[in-house]
Every structure is written in structure tokens, then in C-alpha cells.
Amino acid sequence: MASFPDFVNENEIARSRTIGELITPTSPFEQKYGRENWTVAFAPDGSYFAWSQGHRIVKLVPWSRCLKNFTACSTKSGVNLTNGRLSRQNSDLGQKNKPIEHTIDCGDIVWSLAFGSSVPEKQSRCVNIEWHRFKFGQDQLLLATGLSNGRIKIWDVYTGLWQFAEKWSYLLSMAMIGWKGKRPSCSGKLLLNLMDHTEVVRDLTFAPDGSLILVSASRDKTLRVWDLKDDGNMMKVLRGHQNWVYCCAFSPDSSMLCSVGAGKAVFLWDMDKYTMIRKLDGHYNDVVACEFSPDGALLATASYDTRVYVWDPHIGSILFVFGHIFPPPTPIFAGGDNGRWVKSVSFSHDGVHVASLADDNLVRFWRIDKSYPVEVAPLNKGICCAFSTDGSVLAAGTQDGNAYFWSTPKSVSSLQHLCRMAIRRVMTTNEFKKLPIPPKIKEYLAYQMM
């Protein structure tokens, strides 16, 4: 079976440009198990990139400086950024929230990461609590880590950096008088240790509205909803999955949650009532990843059945299918070990491009108006991917703990598409279909016509 349709010349598909890599240092006798980079994440404000290096370690690097290093290294003959080491400037130490490269030891194997930032006006949903241990400011950046032992640790990234900067400032002043001492370690401050899951915490996602509502997906077959503004109180347990839960994702307006796992169904939840809205059926194998489009009108799901489906989550219909084998496999073949398991999917911020990783060692970039990839790139043992905050870079993690980066396909969105996204951010499919507008416009707004 082929990786591309017959009408597509594989040699004519553009190759994505690799811009850099972050390599995890290893020793000759280190065990390979536990080194997997299960998740990569970008901070909402674009300040940090984080990835799990394996063996309990999470590495955070300033994203803007990382890009500068990639650019500088690309001008040298084959020199890449290794070991995740970035240059530090002394001026960084005197600024409170200046991003600084640092490492966090989470105490157990890290399976999931998620950044969250607070909006002070967003109150806790628990109205009976008169005081809290923590008061989150608007400039606060949190990192949630899901661990193999079922725990979730919440880190205050900037506070740890400020304490690190103070230590360095002190040591610099002491160095002026000839003092020598131990180099300080840089790590985020541990705020909360959430303990309720009984198995691996496979995925984490923060509500995009700044409320610091956190949802965790676990192998214990449940999703749990936590309110970090209420000192990490667990608000709700969402039950419905019959097997492991692999992934969960909020809609952009935080009103809907999608969850997928070891089963063929896609679950949609109402996050105001904490009830199931519907199950989407159509995949032939386990569904392992999901993500909403920036306007919330589309939902991409990746499955071991060699396909990525793009749904209208509001009515449950499949709009687009991105196949990774041609001709499309039969349901029996798709439901087994077919050699093209799709491991991850990510929606670009332009609302047009989708990226996927599969077992055939390729990264694919798709457009929602085409049935074949517009760009591809080689990647061995890839298991996760995510677009940068501005959508210009795709990051991917591998089984050996490394992270790789590519430039994303360049395009200028049409005015029609921008207007469509603006409308779909505030109107569901059923809502705009009631408007007295021409049928063709309704088809366009429903992404049934490109």
C-alpha cells in the first residue's frame, strides 16, 4: 500500500524545512525505557517551550532565544543545538519574569504537560470558599505535569526563576570578593500535588479562558476536573470511557471538552453542566489524539486506523478525512496492526493546516481543502507534536527524548476565511443555520465549501 494517492507524485510534495533540534543527553548504559518524550508544549504567551526528556525530567527553554539559536546554528555547517543548552545573559537575572532555561525533576516519569495562565477576573467556580492558599496574578505562568504514579504536580514557572535569579545575583556579588560556592539549581516552585488518579495521567489541558480549570485524562478510565484557583480542588469526575483515556482537549471558548482513548468513540462533554453531549462514531481503531480548530468549528481526531478525521463537533458529522494509506484500508485491516498508526494530530492557529505523525516515520502537513499532504518531513519514532503559539513552527517529540522543529507551510488566509473564523468563534452550526442568509454562505460557514 502507498502513503499517497495515485494522482499525487510523491516527489513533487514539498519537504518541510527543519529549523532545529533539542537533543537529550544520554549515557551509554542508560535504559531506553522511560526516555520517551510523550509531550511537547508551548506557553500561551510564547515565552517557553517545554518537553519531557524522560526519567522524571522536564526541560523548559525560552522560546524566542531558542529560535535565535536555531537561526545562528543554521548558518554554520551542520551545527545543531545539542543538549538543550542555550546561552544566558547576565541581564536576564535582574528581570523578574525574564525567561531562563531550566530543568524540573518531577519525581516520576512524566507523561503529560500543559501550560496555564491566569485571568484575575475569572473567579473560582467554588463560591463557598472565602480564602485560598494561592492568589494567581495575570503575569503568572503555571506548568502542570502528569506522572506515571497518577499524581499531577503544578509548578509556578516564574516564581522559581525569580528565586534562581536572586541566588545568581547574590553569588555574583559574592564572587566580587572571591567567594566560591555551589552553583544554584533553577527549578519551578511546586505549588500543588494533586492526588486522585490511580493510574498514569496520560494527558492534561487547561481551559483557554484563564479560569485555571484543569482537566486530566488517565489510564484509570476517567477524566477529572480540577479548580486550581480553589487550591486544586477536584470538582468533578467524568466517566464514560470503558478503557484508557489517551487525550483531552478544550474548545477555544472552554464550553466543550473532547476526550479520546482506547476505543473507537470520540466523547464530547458540556463543561458547564459536566455532562456528555454526544459520542462520535466513525473510527475503526483506538483514537489517540484530538484538538479543536482555533474557531471551535472543527475537531481533528487521530486514530490507529491510519486516518485523521475532521468533524463538525456541533452536529457530529465528518467533514474531511486525511488518510495515511492508499487505497484506504478495509475496516478489518484498519482495526489491527496496519503499520500506519497515527500517533498525534495538531491544528494550526490559521485554522487551515493540520499536522499529523504516523508510524511510517513521516510528519505530514495537511490543508483542510486538500485530501493529500501539502508538505512532509522525515521523523523517526515520533510520538507527539504541537504548533507554536504563532503557528510558524511545529515541534515533535520522539521515543528517545528529543524534540525536533520544522517551519510550517506558509499561506495568507483569505478575507472570507478570516470572516468565517470570526463568525464561528461565536456561533455554532445550528445557530448560524437559522440565519436568513443564502445557502451557499451557510455551506461556506459550515466548512462544507472551501
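Model, not experiment: these values are computed from the prediction.
Taking the side chain to side chain donor-acceptor pair (under 3.5 Å) definition, one finds that Asn243 meets it with nothing, sequence neighbours left out. For His283, the side chain to side chain donor-acceptor pair (under 3.5 Å) partners are Thr301, Asp305, not counting sequence neighbours. A search for side-chain contact (heavy atoms from CB on, under 4.5 Å) contacts involving Pro252 returns Phe292, not counting sequence neighbours. Partners of Ser413 according to the side chain to side chain donor-acceptor pair (under 3.5 Å) rule, which considers only residues two or more places apart in sequence or in another chain, do not exist here. Under the side chain to side chain donor-acceptor pair (under 3.5 Å) criterion, Asn361 pairs with no residue at all, not counting sequence neighbours. Residues meeting the ring pair (Phe, Tyr, Trp, His ring centres under 6.0 Å) test with Trp244, sequence neighbours left out: none. By the side-chain contact (heavy atoms from CB on, under 4.5 Å) test, Pro409 pairs with His353, Phe365, Val374, Glu375, sequence neighbours left out. Trp311 pairs by the ring pair (Phe, Tyr, Trp, His ring centres under 6.0 Å) definition with Tyr309, not counting sequence neighbours. Residues forming a side-chain contact (heavy atoms from CB on, under 4.5 Å) with Val352 (at least two apart in sequence, or on another chain): Asp350, Arg367, His417. Applying the side-chain contact (heavy atoms from CB on, under 4.5 Å) rule to Thr222 yields the partners His197, Asp220, Arg224, Val237, Arg239; only residues at least two apart in sequence or on another chain are considered.
In this structure a side-chain-to-backbone donor-acceptor pair under 3.5 Å is missing from Ser407 to Val393. For Thr408 (side chain) and Gly391 (main-chain N/O), a donor-acceptor pair under 3.5 Å exists by modelled atom type. In this structure, Tyr48 contributes its side chain and Val157 its backbone to no donor-acceptor pair below 3.5 Å. Between the side chain of Ser344 and the main chain of Cys385, a donor-acceptor pair closer than 3.5 Å is present. In this structure a side-chain-to-backbone donor-acceptor pair under 3.5 Å is missing from Ser356 to Val345. The main-chain N or O of Cys248 is found under 3.5 Å from a side-chain atom of Asp203 such that the two form a donor-acceptor pair. Side chain of Ser346 to backbone of Ala355: no donor-acceptor contact under 3.5 angstrom is found. With Asn233 contributing its side chain and Asp231 its backbone, the two residues share no donor-acceptor pair below 3.5 Å. In this structure, the side chain of Lys153 engages the main chain of Cys106 through a donor-acceptor pair within 3.5 Å. Side chain of Thr306 to main chain of Ala334: no donor-acceptor pair is present (N/O by atom type, distance under 3.5 Å, no hydrogens or angles).
For the residue pair Ser259 / Trp269, a side-chain donor-acceptor distance below 3.5 Å is found, with atom types taken as modelled. Glu21 and Asn402 are not linked by any side-chain donor-acceptor pair at a separation below 3.5 angstrom, with hydrogens and angles left out of the test. For the residue pair Thr145/Trp155, the side-chain donor-acceptor check at 3.5 Å is satisfied.
At most 12 heavy atoms of other shown residues, nucleotides or ligands fall within 6.0 angstrom of atom NZ in Lys273.
A salt bridge is defined here as a Lys NZ or Arg NE, NH1 or NH2 lying under 4.0 Å from an Asp or Glu carboxylate O, and Asp281 with Lys264 fails to meet this definition. Here Asp105 pairs with Arg56 in a salt bridge; the nearest charged N to carboxylate O distance falls below 4.0 Å. No salt bridge links Glu199 with Lys221; every basic N to acidic carboxylate O contact stays at or beyond 4.0 Å. With respect to Asp360 and Arg340, a salt bridge is recorded, a charged nitrogen being found less than 4.0 Å from a carboxylate O.
Between Ile213 atom CD1 and Phe206 atom CZ the span is 10.0 Å, to the nearest 0.5 Å. Atom CE in Met256 sits 12.0 Å away from atom CZ in Phe250 (nearest 0.5 Å). Atom CG in Leu192 sits 6.0 Å away from atom CG in Leu228 (nearest 0.5 Å). Taking CD1 of Ile154 as the reference point, atom CG of Leu143 lies at 8.0 Å (rounded to 0.5 Å). If you take CG on Leu257 and CG on Leu238, they are separated by 7.0 Å, rounding to the nearest 0.5 Å. Taking CD from Glu36 and OG1 from Thr398, the interatomic distance works out to 9.5 Å, rounded to the nearest 0.5 Å.
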* To do: Given side chain to side chain contact (heavy atoms under 4.5 Å, CB included), test Phe405 with Thr18 step by step and report yes or no.
  => CA-CA 6 Å; Phe405 304 86; Thr18 303; over 6 Å; no
* Please walk me through it: do Leu191 and Leu142 pass side chain to side chain contact (heavy atoms under 4.5 Å, CB included)? -> CA-CA 9 Å; Leu191 296 180; Leu142 303 182; 3.7 Å; yes
* To do: Check the pair Lys381, Asp400 against salt bridge (charged side-chain N to carboxylate O under 4.0 Å, His left out), reporting the backbone distance first and the verdict last.
  => CA-CA 8 Å; Lys381 301 178 181 179; Asp400 50 14; 6.0 Å; no
* **Residue pair Phe347, Phe387: steps toward the ring pair (Phe, Tyr, Trp, His ring centres under 6.0 Å) verdict** => CA-CA 7 Å; Phe347 233 117; Phe387 281 96; 8.7 Å; no
* From CA spacing to verdict: side chain to side chain contact (heavy atoms under 4.5 Å, CB included), Met235, Tyr274 -> CA-CA 10 Å; Met235 303 164 55; Tyr274 302 114; 2.9 Å; yes
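In this pair, Trp366 and Phe322 present their aromatic rings parallel. The plane angle is below 30°, not in the 30 to 60° band.
Closest non-hydrogen pair, Val266 versus Val287, comes out as CG2-CG1, 4.2 Å. Contact between Val426 and Ala422 at its shortest, heavy atoms only, is CG2-O, 3.9 Å. Minimum heavy-atom separation, Cys384 to Trp38: CB-O, 3.5 Å. Counting all heavy atoms, side chain and backbone alike, Ser52 lies closest to Leu113 at N-CD1, 3.9 Å. Nearest heavy-atom pair across Leu141 and Ser47 is CD2-OG, 3.8 Å. Here the closest heavy-atom approach between residue Ala396 and residue Leu379 is recorded as CB-CD2, 3.7 Å.
Here the side chains of Ile57 and Thr103 are in contact, with some heavy-atom distance below 4.5 Å. With contacts defined as side-chain heavy-atom distances shorter than 4.5 Å, the pair Cys66/Leu22 qualifies.
For the salt bridge (charged side-chain N to carboxylate O under 4.0 Å, His left out) condition, no pair includes a residue of residues 287-297, sequence neighbours left out. For residues 221-243, every residue pair satisfying the ring-ring contact (aromatic ring centres under 6.0 Å, His included) rule, not counting sequence neighbours, is listed here: His241-Phe267.
With Trp111 as the aromatic partner, Arg219 meets the cation-pi criteria of under 6.0 angstrom to the ring centre and within 45 degrees of the ring axis.
Put simply, the residue from Phe115, Trp51, Phe49 that forms a side chain to side chain contact (heavy atoms under 4.5 Å, CB included) with Leu60 is Phe115.
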